Each structure stands twice: as structure tokens, then as C-alpha cells.
Amino acid sequence: MEKRKLISRLKGYQNPSGEIMGETVHWADKIAEDLLRRGEKHRIATGITPSGHIHLGNLREMLTADAVRRAVEDRGGKAEIVYIADTFDPLRKRYPFLPEKYDKYIGMPLSEIPCPCGEHESYAEHFLEPFLESLDILGIDVEVKRADRMYKAGEYEEAIKTALEKKELIKNILEEVTGKKCDENWSPFMPLCENCKRLNTTKVIDFDESGVYYRCECGHEGKATYRGGGKLGWRVDWPARWGILGITCEPMGKDHAAAGGSYDTGKRLAKEVFGIEPPYPIPYEWIHLKGVGAMKSSKGIVVPVREMVEVLPPEIVRYIIIRAKPERHIDFDPASLLDLIDEFEEAYAKGDRSVRLSMVENVKYSDVPFRHLVVVGQIANWDVEKAIEIVKRTGYRVDEETLPDIKRRLEYARRWIEKFAPERLKFEVLGLEEVKKVQFSGEELEFLREFALRLKDGMKADELHNLVYDVANEVGLKPAKAFKAIYKAILGKTYGPRAGYFMESLGIEWVKKRFESLTA
RNA sequence: GGGCUCGUAGCUCAGCCAGGUAGAGCAGCGGCCUUUUAAGCCGCUGGUCGCGGGUUCAAAUCCCGUCGAGCCCGCCA
């Protein structure tokens, strides 16, 4: 009894992985431990179909894999990520973002359809390329496999033959697990019609060592090769690729993970048809857009990844996903990004595990808050040298070590302000001529004049803040009005950043001159 | 019909796997400071852990049931 008590007490303070007391084990570390118990080398598969803009929700698959990869490596194991781009999938329907002429491509493999903008090799590449660029920016190192090339190169050949030979077994497993009857013409293989180039309109008649005989709805009859002449249906394709690529772990959307879903069938097909062990599954939840719903390429409700990495530092994009356990919904709210970044920066200072898993290599994070950069940048009108001056003046360390990161995040701050920031946070320091057009009352001018007189070099934010109240009281102006006068004199608006802090950032001398010129 | 995930403070969540009697951030309130202004620090308020049973010396945690929310399973990953 005593012993048990002691043991359970201890558990509260230390867990088996030796993490610091009280700290929760990160989900990626937990999974890494499971994986390492099975073996020390891992190949993690990811797969996203480039049928439309690849968005934040899709990115979860990649980042889940990447966090696990890092966790495995942190523990001395080896892991790599393979990204299979399903470029050989047929176009399911004409999505809302496609012109009408794309109707005729429905059923054709994405890799064989012309690019919507004309600048890429194919439809698939049009969406794939920006995504691959994003992966690079996010520091996600992957081996890219394009499904159409895998098929064309014959990597699937053996698996296709196995599937055709064991068609009845596969059919039985599918029917048993899903509880649904397969069509009587069902085949694990979908030939690509040579005539109309469609995958979903052909029926398999027979097959031999040299190919698969089929008949298409378009009237064409022909023979498909095992090398790019068609593809396996998804539920068979998946376990087949596990074997071909030696996959040991794979994150998957919850649709696959559902009972009777493709992981359930894949698991049995892997063992009973292909004779391999299915990978360790990591089911993950969807990412919703706050107030809008699940991100769906097909509905056009997306934040394309490429757009996000333009505007947000990669470590922040990673953090959004890595901080949440895979099985939890993420309600992404662009409006509260600044709060999230605050949280990130605070967690960074504490050495938080999610943050460490989010940092992209070679980034030395400086201690200038992103929030500050947003204000500083706007004051400097995004002149980098000027902005750096202000950062320095406001008390942050600027040297060889911190400078690259300050510049880097200043640039993100600029883009964020331009694209994502709420209006309330935007401002522009007006030129004197413009400010002179703004209407001021007599008492406002009196306040500004007196305030300018009382300004002294080297005053700090809180002193400036206090001075507003002091002077306002002396000239008999309500503090609220005094603040408005200050903002009007600088921004032409009645609100702005915290006044003391703001004026310190602008520089006392500048503020003094501005107020004097206005009241002269 | 089958299944998954979630339900803990006003909000977002941690803690559950390996039971020891509840934590964080934000919000709110108060103070530093005669102070709503996009700071900071300190403090405070705030939870019958959805509900009901069971196991146990002990349950947010394990088991059974139940309610609520979201979602997945139609070879549209």
C-alpha cells in the first residue's frame, strides 16, 4: 500500500521519458516513442491530392508528419517523409473555381489535364508547385513522389498484377469490412481509356501478362499497360504503396480513420493481399476557418498555404498546427493571430516543446515582439533602416546576431499588416501638410503646445504617458480628449497605439517638432 | 445503422494513456498610477471536471450507461 502511494506520487513529478517535472509529454514525442518501440528507422507517408488549392487543413498532414519525424530523430531514431502527390487521380468534378470548359476533363487524371493558368506542365503541377515551395519555406524536408510518374515508371506493376490475381479476395475483404456490395463489374484496377483519356468510364474485361483488356463507355475497346495504362482504385492503391515505398507510419484525415474507412480496409489488404504490416496510423482532425467551417478546396473556403507563408513567419504557421494534438479540431481565426504570436513568443522564452518543434532551422529568434515590429514598421513607413533605428532606440538588442531575424520578421509584419491585419491596427504617420488640414479645437492646440514644451529628451514611455495626464489636467482638458489630439496630430485619426509607447517609438524630438509646427 | 473525436473557469485549452482530490493563457475586477486608449508588473474573482452509476482507501483520470456538440463511413483520400 505504501509503495503504491509513493509510486503514484512520483508519477506526478516525473514521467518515463525523463521530461522536466510537471511538463506534459508532447503528442509528437509520445508517437515517436511508440514508433521507436517498433523499430528505429521509419518512413512516414503523406499524401495530398493537388485537385485544388492546397490549404492549411491539408498542411496538417505534412506538419504532423514533420513533428513526428523530428521527435523520432531527437530520440536517436531515423525518419524520413515521403510525399505522394496523387497526380494520377481523376478530376472528380468541375470545381467552382474552374471555367466551364473543364467539364470535358472530368474523369481524366490530373497529370493529363491542361494547367488552368497555362504556366505549368499540367493541372496537377499548377497546384502542386506552389505547395512544394511552401514546404520548402516551412522547412519540411520530403521526398516527393508523383503518382502518375510512379505508375508510368512501372513501380506499381507488381502490385497491380497481384491485385488483379487476388481480385476475389480483395472484393471479399472490402465487402466484409465496409458492409457494402461491390459492383459486379468491380475491379481493383481502373484502366485509362486510350481514346477519351478517362479513368472512371472503363470496365475491365480480362488481363494477362502483357496488359489489361477493357471496354470504355465512349465505345473504345483496348488494352492497358501496367505502366501508366491505368491506376488502382484508392482503397487498393493505398496499401499497395505502403508496400512499394516501405511505409511505417502515416498521418491521415479522420475520414480514412473512420470504421469501415480506407484504413480499415487497407490494414487487411496489406496483410492478406500484399503480405506487409500496415503503417502506424495518426488520425487527425480538420481545420476550420473561424465562423466559416471546414476548409474545403471544392467549396473555395480555403487559406492557400502559399498565401499563408507569404504573410506569416514559417515558425508561426508550424506552431498553429503543432501546438494542437492531431485529434483536436483547430478553429483558425486570422483575426486573433497577434495573440497567437504573443503566445508563441512567450512560449519560446520558456523553451516550450511545441515551439521547439516549430522552429525552422537557422532561425535565431530575436526578442523583439512581433507586435512591436508591426507598430515600428508603420512608423517607419516600412523603411528598414529607419525601423531598425527605432527598434534600437526602444531598447532592444540590435547586433549581428539579432539583426537578420529582426529584418526577417519586419518584412513579415509588413505583409501581415497589408493582407491580414484588422483595420484598427493600421495607421500611417501623416506628413505635416496633411495634418494641417485636420480640424483642431482651441483647447486641443493649447494642450499640444504645452505638451511640446514639457517634452524632454530621453523620456520613457511611461513618463510620456503620465505627462499626457499632467498636461491635460493643467490645461483643463479631459485626458481622453488629450489622447485624441495626439493621435490626430500624428495620424489624423482619433485612436492609435498606446500613446506613451507610441511617442517614444516616434522619437521625442520628432513629436516635439510636429506639435510645435502645428501650434505655431 | 456503424464509428471517431470532443464536453474541465465567461472564452481557448492543459491535465486523463501509467488514479492521489484541478491548472494555464485570455477576458473581468483591483492595485502600482487623479489613467478605457494596441505597455508592463502584482494581486483577486471565477470550475458539483456534461450527467448517472460502478471499481477503489482515493476517480477529471479506469469501467458501464446516458445526454449534448462536431464529424466521418456513399470505392468524390
Side-chain angles (χ1 to χ4, degrees), chain A residues 1 4-12 15-16 22-25 30 34 46-49 51 58 61 84 86 89-93 95 106 171 174-175 177-183 186-188 190 200 232-238 250 252-266 283-286 288 293-294 298 323-331 333 336 338-340 342-343 346-347 369 371-372 374-375 394 421-422 424-427 460-462 464-466 468-470 472-473 478-480 482-484 486-487 494-502 504-505:
Chain A
M1 193 75 83
R4 256 174 83 194
K5 205 168 181 175
L6 190 67
I7 287 166
S8 25
R9 278 272 150 73
L10 278 170
K11 277 174 186 160
N15 61 53
E23 195 177 323
T24 310
V25 182
K30 239 177 262 183
D34 279 352
T46 56
I48 295 165
T49 310
S51 56
N58 297 322
E61 173 135 345
I84 301 106
D86 286 298
D89 278 23
L91 182 68
R92 308 285 177 196
K93 63 172 192 176
Y95 300 113
I106 293 169
K171 193 172 169 179
L174 290 182
E175 292 185 340
V177 177
T178 63
K180 305 236 151 77
K181 278 277 168 223
C182 290
D183 195 277
W186 180 86
S187 168
M190 300 157 63
N200 57 354
L232 293 168
W234 163 247
R235 290 179 101 113
V236 184
D237 184 307
W238 205 22
E250 180 159 357
M252 63 196 71
K254 62 172 174 187
D255 47 343
H256 299 307
S262 49
Y263 183 73
D264 268 4
T265 52
Y284 62 85
E285 258 288 354
W286 303 144
H288 293 241
S298 54
R323 68 200 267 274
K325 289 185 289 198
E327 64 267 28
R328 286 204 82 109
H329 296 263
I330 293 178
D331 214 7
D333 181 9
S336 60
L338 259 198
D339 291 332
L340 185 82
D342 282 346
E343 180 193 314
E346 198 166 319
R371 249 199 160 85
H372 186 48
V374 164
V375 172
T394 44
R424 201 179 138 60
L425 298 188
K426 296 184 188 176
F427 65 82
K460 290 288 162 206
D462 55 337
L464 290 162
H465 188 73
N466 287 331
V468 176
Y469 288 97
D470 292 345
N473 286 333
K478 282 206 171 129
F483 281 107
K484 280 183 183 159
I486 290 171
Y487 294 126
T494 55
Y495 60 92
R498 288 261 179 185
Y501 153 78
F502 188 42
E504 187 192 9
S505 299

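Just so it is clear, the structure is predicted and the values come from calculations on it, not from any experiment. Every chain is numbered from 1 and lettered A, B, ... according to where its sequence line falls, protein lines coming before strand lines.
With a cut-off of 3.5 Å on both pairing distances, the Watson-Crick and G-U wobble pairs of RNA chain B assemble into stems of 3 or more at B:1-7 with B:67-73, B:10-13 with B:23-26, B:28-32 with B:40-44, B:50-54 with B:62-66.
Checking A:N58, A:D86, A:I84 one by one against A:I48, the side chain to side chain contact (heavy atoms under 4.5 Å, CB included) holds for a single residue, A:N58.
Within the 4.0 angstrom heavy-atom criterion, no nucleotide atom of any strand lies near A:D264. Using a 4.0 Å heavy-atom distance criterion, A:T49 is classed as a base contact. Within 4.0 Å of A:G47, counting heavy atoms only, lies no atom of the nucleic acid at all. Counting non-hydrogen atoms under 4.0 angstrom, A:S505 reaches nothing in the nucleic acid. Residue A:W186 is in base contact, counting any heavy-atom pair closer than 4.0 Å across all strands shown.
Mapping A:N466 and A:L174 onto RNA chain B by nearest heavy atom places A:N466 closer to the 5' end of the strand. Both A:R92 and A:K30 lie close to RNA chain B; mapped to their nearest nucleotides by heavy-atom distance, the more 5′-ward contact belongs to A:K30.
The salt bridge (charged side-chain N to carboxylate O under 4.0 Å, His left out) search around A:D470 returns none, not counting sequence neighbours. Residues satisfying the side-chain contact (heavy atoms from CB on, under 4.5 Å) test with A:T178, not counting sequence neighbours, are A:K180, A:R235, A:T265. For A:T49, there are no side chain to side chain donor-acceptor pair (under 3.5 Å) partners two or more places apart in sequence or in a different chain. Residues forming a salt bridge (charged side-chain N to carboxylate O under 4.0 Å, His left out) with A:D255 (at least two apart in sequence, or on another chain): none. With sequence neighbours excluded, no residue satisfies salt bridge (charged side-chain N to carboxylate O under 4.0 Å, His left out) with A:K325. By the side-chain contact (heavy atoms from CB on, under 4.5 Å) test, A:K30 is found to be paired with A:V25, residues two or more places apart in sequence or in another chain being considered. Applying the salt bridge (charged side-chain N to carboxylate O under 4.0 Å, His left out) criterion to A:E61, with sequence neighbours excluded, gives no partner residue. Applying the ring pair (Phe, Tyr, Trp, His ring centres under 6.0 Å) test to A:F427 and every residue at least two apart in sequence or in another chain returns A:F502.
In this model, no side-chain donor or acceptor of A:W234 finds a partner on the base of B:rC76 within 3.5 Å.
No donor-acceptor distance shorter than 3.5 angstrom exists from the side chain of A:Y495 to the backbone of A:F483, with no hydrogens or angles considered. For A:E175 (side chain) and A:C182 (main-chain N/O), a donor-acceptor pair under 3.5 Å exists by modelled atom type.
Between B:rC49 and B:rA9, the distance separating the two C1' atoms is 10 Å to the nearest Å. Distance noted for atom C1' between B:rG46 and B:rC33: 27 Å (whole Å). Comparing B:rC64 with B:rU5, their P atoms sit 13 Å apart, to the nearest whole Å. With both ends at atom C1', the span from B:rG30 to B:rU35 equals 14 Å, rounded to whole Å. Rounded to a whole angstrom, the distance from the C1' atom of B:rG15 to that of B:rC29 is 27 Å. Distance check on atom C1': B:rC71 versus B:rG28 gives 34 Å, rounded to whole Å. A gap of 12 Å separates the P atoms of B:rC13 and B:rC6, to the nearest Å. For the P atoms, the distance from B:rA22 to B:rU61 is 13 Å, rounded to whole Å.
For the residue pair A:H372 and A:S505, the shortest heavy atom distance occurs at CE1-OG, 3.8 Å. Across A:P497 and A:V375, no two heavy atoms sit closer than the pair CG-CG1, 4.2 Å.
Separating the NE2 atom of A:H256 from the P atom of B:rC73 is a distance of 9 Å, rounded to the nearest angstrom. With rounding to whole Å, A:D86 atom CG is found 11 Å from B:rC76 atom P.
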Provide a list of protein-nucleic acid N or O atom pairs under 3.5 angstrom, restricted to nucleotides 37-40 of chain B.
from   : atom 1 : to     : atom 2 : distance (Å)
B:rU37 : OP1    : A:R498 : NH1    : 2.7
B:rU37 : OP1    : A:R498 : NH2    : 3.4
B:rU37 : O2'    : A:Y487 : OH     : 2.8
B:rU37 : O4     : A:P479 : O      : 3.3
B:rU37 : O4     : A:A480 : O      : 2.5
B:rA38 : OP1    : A:G496 : O      : 2.6
B:rA38 : OP2    : A:R424 : NH2    : 2.6
B:rA38 : N7     : A:G496 : O      : 2.4
B:rA38 : N7     : A:P497 : N      : 2.7
B:rA38 : N6     : A:R424 : O      : 3.4
B:rA38 : N1     : A:L425 : O      : 2.9
B:rA39 : OP1    : A:R371 : NE     : 3.4
B:rA39 : N7     : A:R498 : NH1    : 3.2

What's touching nucleotides 1-5 of chain B from the protein side, N or O pairs under 3.5 Å?
from  : atom 1 : to     : atom 2 : distance (Å)
B:rU5 : O2'    : A:E327 : O      : 3.0

Enumerate all atom pairs, one protein N or O and one N or O from nucleotides 23-30 of chain B, separated by less than 3.5 Å.
none

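OP1 or OP2 of B:rC6 has not a single side-chain nitrogen or oxygen of A:K325 nearer than 4.0 Å.
The CG atom of A:L338 sits 5.0 Å away from atom CZ of A:R371, with the distance rounded to the nearest 0.5 Å. Of the inter-residue distances, the one linking A:R498 atom CZ with A:E504 atom CD reads 14.0 Å to the nearest 0.5 angstrom.
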